[in-house]
Every structure is written in C-alpha cells, then in structure tokens.
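Here is the naming used below: chain letters follow the sequence lines, and residue numbers restart at 1 for every chain.
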There are 2 protein chains.
Amino acid sequence: MGVMTVVLPHPERDEIRIASVLHALADPVRLRIVRALATHEEGLSCGVLPLGVTASTLTHHVRTLREAGVVRVRPQGTSRISSLRREDLDALFPGLLDGVLAARR
Amino acid sequence: MGVMTVVLPHPERDEIRIASVLHALADPVRLRIVRALATHEEGLSCGVLPLGVTASTLTHHVRTLREAGVVRVRPQGTSRISSLRREDLDALFPGLLDGVLAARR
DNA sequence: ATCGTACTACGACGTTCATCGAAGTTTGAT
DNA sequence: ATCAAACTTCGATGAACGTCGTAGTACGAT
C-alpha cells in the first residue's frame, strides 16, 4: 500500500528559513552530500556516494536537507534523485551557498 | 587569582572550519547576536542585547561563536567586547556572511 | 575595604541529534 | 509470481546541545 510514493514534502521558497538551512549544512555528512550535488547539476542518487553511513542514516540526512529546503528530491524508479535548490537558495541568501562551497576542505 | 583574565582562546584563520562556523550560526540566539554585531563594526558587549536568555546562557553562546572563529572577544573593564571576524570569514568563505545577513527575518 | 556590575564555571535537566539494526514498502527485472 | 535493489520507518542508544540557577571571580567606583 503506497506510502513510499506519497509526495515528498518540500518547503516553498518563502518557507525556507535561514536557521534551518544553516543547521542542515552544519553536519559533515550533509556537507559532503551538498558538495557532491554542487558538481552534479542533473542531480544524483545519494546512495552512490561513499559516505560511510548506513542507508537509514542516509535517509535521515537527505530528509533533513529536503525539509530545510536545501535539496529537491524526485523519485525515479527505486531511487531518489536529489539536486541542489540553487536558484531558491541564491535568491534568498545570495552568496551563502557559494561561500560554503568555496571552503577548501 | 586570575582565572577570568586568562587569555580568551581564538582559532587562527587557518583553523576555522566551515562546519563549526555553520553550527555556530545555526542557532536563533547566536544569529541575533551576529546580526547585531554586523551593525556595530566597533564591537559591543552582548550583555546589552535583549536576547531573552540568562547571563550564563549568553556566556555559552558567545563562547560558541568565539571558538568557531565567528567573533573576536576582548576584555574591557568588567565587560567583554565582541566583534565580527568579518575579514577572516570573508577570506575563507566569501559570500557566506553576506548571504546569512541578507536573509530578511 | 566594600559594593555593584559584568561575566564565568559548574552541575543539572530535558531535548534534540546522529547513528544503527531490523523489518517493511516500492519498483523494475526475471 | 519471485526476487533483488533502493529506500523508508520504527525503536533504541549514546552524545551533544540549550537552558537555567547557584556560586564564584574580576574590575571599577565609592
């Protein structure tokens, strides 16, 4: 019975709050995810990344990013394709994302 | 016996880590402090801000910001003057601070 | 020397968080 | 109809966090 396919809730642009975004970005694993997504405009299935956490932990992190408005997630087959919400973030907090990504290491 | 006056440790610019900075900024009270400091180049005693937390909680927040490298704190009389480490942050993460401050509300 | 102000250290408390494993759902391929 | 792969949900666990109150230290003024 379809529960997995129930639409994934994403905040509208106006609902994105800076504190939530910062909290979402303030975790090493999630930061690595964001960096990876930054180099894959098309989006990608985070499961392919070598993050060193279990699948259920990854689910938790991707949900945190999605609910904060940092990533957009769309189902594709048995996978979920995540992509950075660059336009929204740049519009709301111009420079923030670039600043984060500029951090070497 | 001077314990209060023992130098306040600040990370060098090279020691500032993006994850720590983001974590430091990801709290409503600390974000209000940073916003206030952004409009006071000279720095100010955070105790004067209407933050709605006790003095000991404020100490905790200012220490978090200082240890992350977001603010510089210098003793002055019985007070501590905090100021934003704008140069360091802009050099390390160009745009980040401006992006955070650009967030309306 | 005393006092008030500004801040800190310490300990406690409840909450949130990152993590995992086990069990379950969905989808696409066989 | 079966099966495997990708992901989710649930519950548990230990760590980190924000908050406070109490007690204490440092400094400036009286």
Side-chain angles (χ1 to χ4, degrees), chain A residues 1-10 17 19-34 36-37 40 43-68 70-83, chain B residues 1-10 17 19-34 36-37 40 43-68 70-83:
Chain A
M1 272 125 125
V3 157
M4 197 180 188
T5 311
V6 181
V7 280
L8 297 169
H10 291 78
R17 289 180 350 228
S20 302
V21 170
L22 290 170
H23 170 255
L25 296 176
D27 174 273
V29 174
R30 292 194 289 263
L31 208 42
R32 294 222 294 287
I33 294 174
V34 168
L37 294 182
H40 291 77
L44 56 76
S45 168
C46 296
V48 308
L49 299 172
L51 296 170
V53 296
T54 65
S56 58
T57 297
L58 180 56
T59 293
H60 159 69
H61 285 307
V62 173
R63 179 180 46 218
T64 299
L65 289 169
R66 172 176 52 80
E67 291 178 348
V70 176
V71 306
R72 182 155 328 250
V73 184
R74 64 173 193 277
Q76 181 161 295
T78 69
S79 296
R80 304 298 180 98
I81 307 299
S82 301
S83 54
Chain B
M1 269 124 117
V3 156
M4 197 180 188
T5 311
V6 181
V7 279
L8 297 169
H10 291 78
R17 291 179 350 229
S20 302
V21 170
L22 291 170
H23 170 255
L25 296 176
D27 174 273
V29 174
R30 291 194 290 263
L31 208 42
R32 293 221 296 285
I33 294 174
V34 168
L37 294 181
H40 292 79
L44 56 76
S45 169
C46 296
V48 309
L49 300 172
L51 296 169
V53 296
T54 65
S56 58
T57 297
L58 180 56
T59 293
H60 159 69
H61 285 307
V62 173
R63 179 178 49 217
T64 299
L65 288 169
R66 171 176 53 79
E67 291 178 348
V70 176
V71 306
R72 187 162 315 262
V73 184
R74 64 173 194 278
Q76 181 162 294
T78 69
S79 297
R80 303 300 181 97
I81 307 298
S82 301
S83 53

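- Within the structure, a side-chain polar atom (N or O) of A:H61 is placed less than 4.0 Å from OP1 or OP2 of C:dT19.
- Note: A:H60 NE2 to A:T54 OG1 = 10.5 Å, rounded to the nearest 0.5 Å.
- Listed pair A:H60 / C:dC20 fails the phosphate criterion, with no side-chain N or O lying under 4.0 Å from OP1 or OP2.
- Note on A:S79: only backbone sugar-phosphate atoms sit closer than 4.0 angstrom, heavy atoms only; bases stay farther off.
- Contact annotation for B:V62: no contact, since no heavy-atom pair falls under 4.0 Å across all strands.
- Not a single donor-acceptor pair under 3.5 Å links the side chain of B:R80 to the backbone N or O of B:G47.
- Summarising the geometry, the separation between CD1 on B:I81 and P on D:dC27 is reported as 15 Å, rounded to the nearest angstrom.
- The distance from atom CG of A:L51 to atom C1' of D:dC7 is 15 Å, rounded to the nearest whole Å.
- Panel note: side chain B:R66, backbone B:P9; a donor-acceptor pair is recorded below 3.5 Å.
- Counting to the nearest Å, the P atom of C:dT16 and the CZ atom of A:R30 are 15 Å from each other.
- No hydrogens or angles were tested; on distance alone, nothing pairs the side chain of A:T78 with the base of C:dG28 as donor and acceptor under 3.5 Å.
- When the P atom of C:dT27 is taken as reference, atom CZ of A:R74 falls 16 Å away, rounded to whole Å.
- Both A:S56 and A:Q76 sit near DNA chain C, but only A:S56 has its closest nucleotide nearer the 5' end.
- Following rounding to the nearest Å, B:D27 (CG) and C:dT15 (P) show an atom-to-atom distance of 17 Å.
- For C:dC17, one of the phosphate oxygens OP1 or OP2 lies less than 4.0 angstrom from a side-chain nitrogen or oxygen of A:H23.
- Looking at the side chain of A:S45, the nearest of the listed nucleotides D:dT8, C:dA6, D:dA6 is D:dA6.
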Given B:V62 and B:S82, is the side-chain contact (heavy atoms from CB on, under 4.5 Å) satisfied, shown in steps?
CA-CA 8 Å; B:V62 173; B:S82 301; 3.8 Å; yes
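- When the nucleotides D:dC20, D:dT8, C:dC7 are ranked by their closest atom to the side chain of B:T54, D:dC20 comes out on top.
- Within 4.0 Å (heavy atoms only), B:T64 reaches no atom of the nucleic acid at all.
- Remark: B:R80 is not in phosphate contact with D:dA26, judged by side-chain N or O atoms under 4.0 Å from OP1 or OP2.
- Here the P atom of nucleotide C:dT8 and the CZ atom of B:R66 are 8 Å apart, to the nearest Å.
- Within 6.0 Å of the CZ atom in A:R17, the count of heavy atoms belonging to other residues, nucleotides or ligands does not exceed 12.
- Protein atom CG of A:L58 is 18 Å distant from nucleotide atom P of D:dA5, rounded to whole Å.
- Atom CG in B:L8 sits about 14 Å away from atom C1' in C:dA6, given to the nearest Å.
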Starting from the C-alpha separation in whole Å, work towards a yes-or-no answer on side-chain contact (heavy atoms from CB on, under 4.5 Å) for A:L49 and A:L44.
CA-CA 9 Å; A:L49 299 172; A:L44 56 76; 4.2 Å; yes
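- Residue B:T57 places no side-chain atom within donor-acceptor reach of the base of D:dG18, judged by atom type and a 3.5 Å distance cut-off alone.
- OP1 and OP2 of D:dC7 both lie 4.0 Å or more from every side-chain N or O belonging to A:R63.
- Closest approach to the B:V29 side chain among D:dT19, D:dC10, C:dA18 is made by D:dT19 (side chain taken as heavy atoms from C-beta onward).
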